Amino acid sequence: MMPGERPKRETGAARSDVQPRAGSEAMIDALRASGPRPELARKLALFGQFVGTWDVDVVNMSPDGTSTSFKAEWRFGWALGGRAVMDVWSAPGYEHGVSVRFYDESIDAWRSTWIGPVRRIVRPFIARQSGSEIVLEGSFAPGTLTRWIFSNIEERSFAWRNIESRDGGATWTTVQRMEAVRRS
């Protein structure tokens with residue numbers, strides 16, 4: 001590279017039409033990709049099918065059997081040079097968070113990490129397709145298994161649920177469920 005010359009941007013799905021900006025906008029531009037990298041497109045389609053904005057009805061279930069309902073927004077997009085699918089989940093008054101998901105060919109699965117700063121949560125998962133569902137599995141508290149499951153996946157809607165087991169997977173309890181509808 002010659003003095004004063006800028007490094008070339010990576011080819012593929014990285015945005016080449018974006019002019020450099022300062023501050024937060026520059027960070028978002030660096031994250032954003034216009035689509036999946038062509039050589040990864042088939043594998044990235046598992047979560048890529050959610051790219052867009054979704055209106056979400058959320059229900060949290062308490063151990064005592066009561067529940068709380070609220071509305072949220074879930075935005076999915078291509079990120080990190082077209083190598084990942086990232087989402088931002090926003091439920092004002094409850095939580096705002098982000099997940100970064102990428103396919104890891106060494107384990108033939110997805111690595112996904114959820115970060116929820118309001119409730120100070122970081123949750124790493126391994127995700128795989130299981131029949132018609134997508135199952136993210138993790139363990140965050142001693143003796144507790146967690147699964148986040150995308151199901152009933154259609155072009156304009158999907159269901160999601162958070163289930164936990166405290167007996168090694170013999171029984172599961174639903175902690176949260178969501179119904180998402182794609183925004184026009």
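Nothing here was measured: the structure is a model prediction, and the numbers come from that model.
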Stepwise salt bridge (charged side-chain N to carboxylate O under 4.0 Å, His left out) test for Glu133 and Arg161: CA-CA 11 Å; Glu133 297 181 326; Arg161 67 190 182 278; 3.4 Å; yes
Using a 4.5 Å cut-off on heavy atoms from C-beta on, say whether the side chain of Trp78 contacts that of Val51. yes
Minimum heavy-atom separation for Ser132 to Ile153, with atom names? O-CD1, 4.0 Å
Can Val85 and Phe76 be said to form a side-chain contact (heavy atoms from CB on, under 4.5 Å), step by step? CA-CA 7 Å; Val85 175; Phe76 290 77; 4.1 Å; yes
pair Val98-Met86: side-chain heavy atoms closer than 4.5 Å: yes
Please report the shortest heavy-atom distance between Leu136 and Ala127, naming the atom on each side. CG-CB, 3.5 Å
Keeping Ser139 on the side-chain end and Thr144 on the backbone end, is there a donor-acceptor pair under 3.5 Å? yes
May I have the step-by-step check of side-chain contact (heavy atoms from CB on, under 4.5 Å) for Trp160 and Ile149, ending in yes or no? CA-CA 5 Å; Trp160 182 97; Ile149 303 168; over 6 Å; no
Can you check whether Thr174 reaches Asn162 side chain to side chain, under 4.5 Å on heavy atoms? no
Presence of salt bridge, Arg156 and Glu154, under 4.0 angstrom: no
May I ask you to test the Ile134-Leu46 pair for a side-chain heavy-atom distance under 4.5 Å? yes
Taking all non-hydrogen atoms of both residues into account, name the closest pair between Pro117 and His96 and its distance. CD-O, 2.9 Å
Verify the neighbour count for atom CZ of Arg177: are there more than 12 heavy atoms of other residues, nucleotides or ligands below 6.0 Å? no
Aromatic contact between Trp110 and Phe47, with the criterion being ring centroids under 6.0 Å apart: yes or no? yes
Phe158 vs Phe50, ring-ring contact (aromatic ring centres under 6.0 Å, His included): CA-CA, chis, key distance, verdict: CA-CA 9 Å; Phe158 66 87; Phe50 300 115; 4.9 Å; yes
Is the side chain of Arg101 donor-acceptor paired with the backbone N or O of Ser99 at a distance under 3.5 Å, no angle test? no
Any heavy-atom pair between the side chains of Ser112 and Trp148 that's under 4.5 Å? no
Sidechain N-carboxylate O distance under 4.0 Å for Asp108, Lys43: yes
Contact list for residues 165-184, test ring pair (Phe, Tyr, Trp, His ring centres under 6.0 Å), sequence neighbours left out: none
Taking the side chain as C-beta and beyond, is there a heavy-atom pair between Ile163 and Val175 under 4.5 Å? no
By salt bridge (charged side-chain N to carboxylate O under 4.0 Å, His left out), Arg119 pairs with (sequence neighbours left out) Glu95
For Leu145 and Gly169, which heavy atoms make the closest approach, and how far apart are they? CD1-N, 3.8 Å
Any non-hydrogen side-chain atom of Trp89 less than 4.5 Å from a side-chain atom of Val58? yes
Looking at residues at least two apart in the chain, or sitting in another chain, which of them share a side chain to side chain donor-acceptor pair (under 3.5 Å) with Ser130? none
Sorted by chain and residue number, the salt bridge (charged side-chain N to carboxylate O under 4.0 Å, His left out) partners of Arg166 (sequence neighbours excluded) come out as Glu164
Determine the minimum heavy-atom distance between Val135 and Arg147, stating which atoms define it. CG1-CD, 4.0 Å
Residue pairs involving residues 44-55 (criterion side chain to side chain donor-acceptor pair (under 3.5 Å); sequence neighbours excluded): Asp55-Arg183
Derivation of the side-chain contact (heavy atoms from CB on, under 4.5 Å) call for Lys71 and Asp57: CA-CA 5 Å; Lys71 303 280 187 189; Asp57 290 319; 2.5 Å; yes
Ignoring hydrogens, what is the shortest heavy-atom contact between Arg83 and Phe102? Give both atom names and the distance. O-CB, 3.6 Å
Just checking, is any N or O donor in the side chain of Asp87 or Trp74 under 3.5 Å from an acceptor N or O on the other one? yes
So is Arg123 actually on top of Phe140's ring, under 6.0 Å and inside 45° of the axis? yes
Spacing of Ser67 atom OG and Asn60 atom CG [to the nearest 0.5 Å]: 8.5 Å
Out of curiosity, does Ile121 fall in the hydrophobic cluster containing Val88 (side-chain heavy atoms, cut-off under 4.5 Å, transitive links)? no
Tell me, please, which residues at least two apart from Tyr94 pass ring pair (Phe, Tyr, Trp, His ring centres under 6.0 Å). Phe70
Do Leu31 and Leu80 have side chains that get closer than 4.5 Å, going by heavy atoms? yes
